[in-house]
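Let me begin by presenting the structure, written as structure tokens, before commenting on it.
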Amino acid sequence: MTARVFLNGQWLAPQDAHVSVMDRGFLFGDGVYEVIPVYSRQPFRLEQHLGRLQKSLDGIQLANPYSLDEWIGFVTQLAGEAEWEDQSLYIQVTRGPMAVRNHAFPKDVTPTALLLAEAMSTPPASQREQGIAAVSAADIRWLRCDLKTTSLLANCLLRQLAVSAGCVETVLFRDGFLTEGSASSIFVVKNGVLLAPIKNHLMLPGITYDVVLELAAQHGLPHEVRDVTEAETRDADELWMCSSTKEVLPIVTLDGRAVGDGTPGPAFARMYDWYQEFKAKVMRATA
Ligand code: PDD
């Protein structure tokens with residue numbers, strides 16, 4: 001873990017950073033978070049991540065303890081001093097510690113704000129070259145999956161289904177439609193067209209999802225943002241998962257059945273290259 005963490009305005013050694021057992025984040029999962037990839041010490045899509053943080057805070061009626069500029073300052077400082085060139089920055093803001101355990105929001109409560117860095121662990125090349133296995137499950141989460149809250153128990157249980165089956169991700173379906181993965185956005189490719197579920201309250205508005213769609217538009221890959229059925233997902237030529245930490249990965253089996261011909265598809269190969277080119281360009285521009 002990082003040499004120093006930012007906790008409530010102070011830079012501390014991780015072992016000196018403490019949070020109260022009465023913190024609502026600990027007792028109720030009453031908080032929100034962000035995961036921001038950093039390449040060569042440059043935060044990737046920082047304003048978009050901080051914008052989503054603000055939306056998540058608004059969604060749980062919690063005032064942001066810091067301005068956008070302050071967050072940019074903290075993140076830039078940490079990205080500059082953490083021990084790795086490529087990092088995954090974690091921000092968490094909870095409603096803070098309460099005097100007595102009570103579900104209702106206390107009147108005077110000071111949010112807890114945490115920022116820390118971890119080494120970015122990009123997926124091994126084998127996952128990109130051979131693809132990954134996924135399982136599927138019913139999306140049992142609540143109806144505000146658009147908020148990036150720390151209440152992640154359902155996501156953890158769903159992700160564990162994949163891990164217990166020796167797989168990487170769990171693809172979620174709700175009422176016959178694709179929503180997303182337990183910790184990723186999911187895309188379908190059918191007959192050369194990229195299909196993306198519409199961003200709504202049932203899925204997280206992924207920052208990587210936006211990048212993938214922007215790249216598809218830029219490079220002329222036909223794409224449709226619309227409801228995607230479970231049947232279409234199971235009948236896909238290609239299935240991709242994407243997130244800030246995994247970038248884009250091809251899913252080659254779903255519930256033990258081959259997706260398409262069971263190997264990473266040609267659309268994925270193009271998207272992967274476009275994504276790497278885009279990253280390199282952005283990093284050069286901000287260096
Ligand atoms: N999770 N959907 C869910 C449920 C997620 O948890 C994530 C990412 C995504 C992809 O979002 P983005 O492209 O903005 O990273 C979609 C992060 C990485 C996490 O919880 O660690």
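Numbering of ligands and ligand atoms starts at 1, following listing order. The structure presented is a predicted model; accordingly, all values stated were derived computationally and were not measured.
Asp261 and Thr263 share a side-chain donor-acceptor pair at under 3.5 Å.
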Show me the donor-acceptor pairs within less than 3.5 Å that the side chains of residues 185-198 make with the rest of the protein, sequence neighbours left out.
unit_1 : atom_1 : unit_2 : atom_2 : d
Lys190 : NZ     : Asp235 : O      : 2.8
Lys190 : NZ     : Asp235 : OD2    : 3.4
Lys190 : NZ     : Asp237 : OD1    : 3.3

I'd like a table of donor-acceptor pairs (distance under 3.5 Å, sequence neighbours excluded) in which one partner is a side-chain atom from residues 101-114, with atom names and distances.
unit_1 : atom_1 : unit_2 : atom_2 : d
Asn102 : OD1    : Ala104 : N      : 3.0
Thr112 : OG1    : Asp23  : OD2    : 2.5

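For Asn200, there are no side chain to side chain donor-acceptor pair (under 3.5 Å) partners at least two apart in sequence or on another chain.
Under 4.0 Å from any atom of ligand 1, one finds heavy atoms of residues Tyr33, Val35, Arg52, Arg141, Lys148, Asn155, Glu180, Gly181, Ser182, Ala183, Ser184, Ser185, Leu204, Gly206, Ile207, Thr208, Cys242, Ser243, Ser244, Thr245.
Seen from the ring of Tyr39, Lys279 counts as a face-on cation partner, given the 6.0 Å and 45° thresholds.
Minimum interatomic distance between Trp11 and Phe74 (heavy atoms only, all atoms of both residues): CH2-O, 3.6 Å.
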